[in-house]
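The first residue of the sequence shown is numbered 1, and numbering continues consecutively from there. Note that the coordinates shown come from a computational prediction; the quantities given were computed from them, not determined experimentally. Each ligand, and each atom within it, is numbered from 1 in the order the structure gives.
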Amino acid sequence: MKRLNEIEWEKFEALSLEEKRPYLERVEGDGMPYHTLFAQQFDRPVLERLCALANRIRFINKSKEGALYLKGVLAHKRAMLYFSQPSSRTFLSHLAACQILGITTGSVRDAATSSEFKGESREDSVRTFSSYFDMIIMRSPEQGLAERMAWELSNSSRSIPIINAGSGKDQHPTQALLDIYTLMRSFEEKGGLDGRTVVFCGDLMRGRTVRSLSYLLTDFRNVRQVFVAPQELQVPADVVMILARRGIDFEVTDNLREAVKSADAVYMTRIQDEWDSAKGASARIDTSRFKFGAEELKLLKPDGCLLHPLPRRDEIAVCCDRDPRAMYWRQMRNGMWIRAALIAATFGFEKDIMSCGY
Ligand code: CP
């Protein structure tokens, strides 16, 4: 069995993401993660199990008896939500997911209110949280921090799971889970997600949700990926390399309207100007052709769907919101169910919930 406490950090860090995966599993060979750090931990069987569990939890939660049962499942656990970067959806949906499962929570949402203000390192902060909680759900501007802390905790006397709720410009694995869950539900009664065309548009260079979702889509058969962006914000080389290596059909273009015509799903993203190296750099890029409005909606297939990880600015016009193909509000709520599924599975309660009598 590959255990994270039996490999030195330098050796672990040097592995490819695929090679790291078995070290992060809850049970050897089962595929379900203990630490959730990146999208490469999820293959199709695990995605299907998580989506089935999310469906089961949302069904059970409909009745009072079912909701009370769920509240008892993890009532003996505590989770720390450590968000040192702004968040609405990821924070609140994880919080709501914990509440559904009966987990009590603590939170730090601003490092200025914690001892980091006094100079404590993020590493020491995470070690501190592990003294009081049974899981850490963390968002950080620092790429790789969740991974390093997963290794640190697994090599400490308080090994508790970490869920990466967004790390730098790098990965946002639980967002990718909810995006996949939304796509699978959208096409559930229309022949499934296999063979579809997914169009990504916006800031593909710095959007961590794009990197994570693009990878998960490679778990499906013949899903074509189209990347639409201004040249300065086009999809980064590492994503292209993975697609090429996995033999995925993909296209890089700057023509949104042409791309929408062939799309089954369009995934819009906002310009991530918080990462600008020089103030105002993004504002100098012409993004006017990378917005989805009434004209683009006319071009979208009748059974297509429009997604956005949110928050949005003006990249999807408000006039699209009431169209039945606009999925972003449902997508956001799906995040709560799939995160509840992930948390329950992380603690080993997948089978209990799947087989309970509700
Ligand atoms: N999609 C997403 O990560 O939203 P928040 O930044 O509001 O959490």
Seminar exercise, completed: Partner of F200 under side chain to side chain contact (heavy atoms under 4.5 Å, CB included), picked from T209, V239, L217, is L217
Exercise. Does H172 reach ligand 1, in the sense of a heavy atom lying below 4.0 Å from it?
Worked result: yes
Seminar exercise, completed: Note: L310, heavy atoms under 4.0 Å from ligand 1, region reported as backbone
For this session: May I ask you to check whether H308 and R270 show a side-chain donor-acceptor distance below 3.5 Å?
Result: no
For this session: May I ask you to identify the nearest protein heavy atom to atom 6 (O) of ligand 1, giving residue, atom name and distance to one decimal place in Å?
Result: R139 NH1, 3.0 Å
For this session: Decide whether D286 and S288 meet the rule of one side-chain donor and one side-chain acceptor closer than 3.5 Å.
Result: yes
Exercise. Is the closest basic N to carboxylate O distance between D43 and R21 below 4.0 Å?
Worked result: yes
Seminar exercise, completed: Counting from 1 in the order shown, the ligand 1 atoms closer than 4.0 Å to a non-hydrogen atom of Q175 are 1 (N), 2 (C), 3 (O)
Exercise. Relative to atom 5 (P) of ligand 1, which among G335, P309, G166, S88 owns the nearest non-hydrogen atom?
Worked result: S88
Seminar exercise, completed: Connected to L297, directly or through other members, by ILVMFWY side-chain contacts below 4.5 Å are V199, V226, V228, L256, V260, V266, M268, F290, F292, L299, L300, L306, L310, I316, Y328, W329, M332
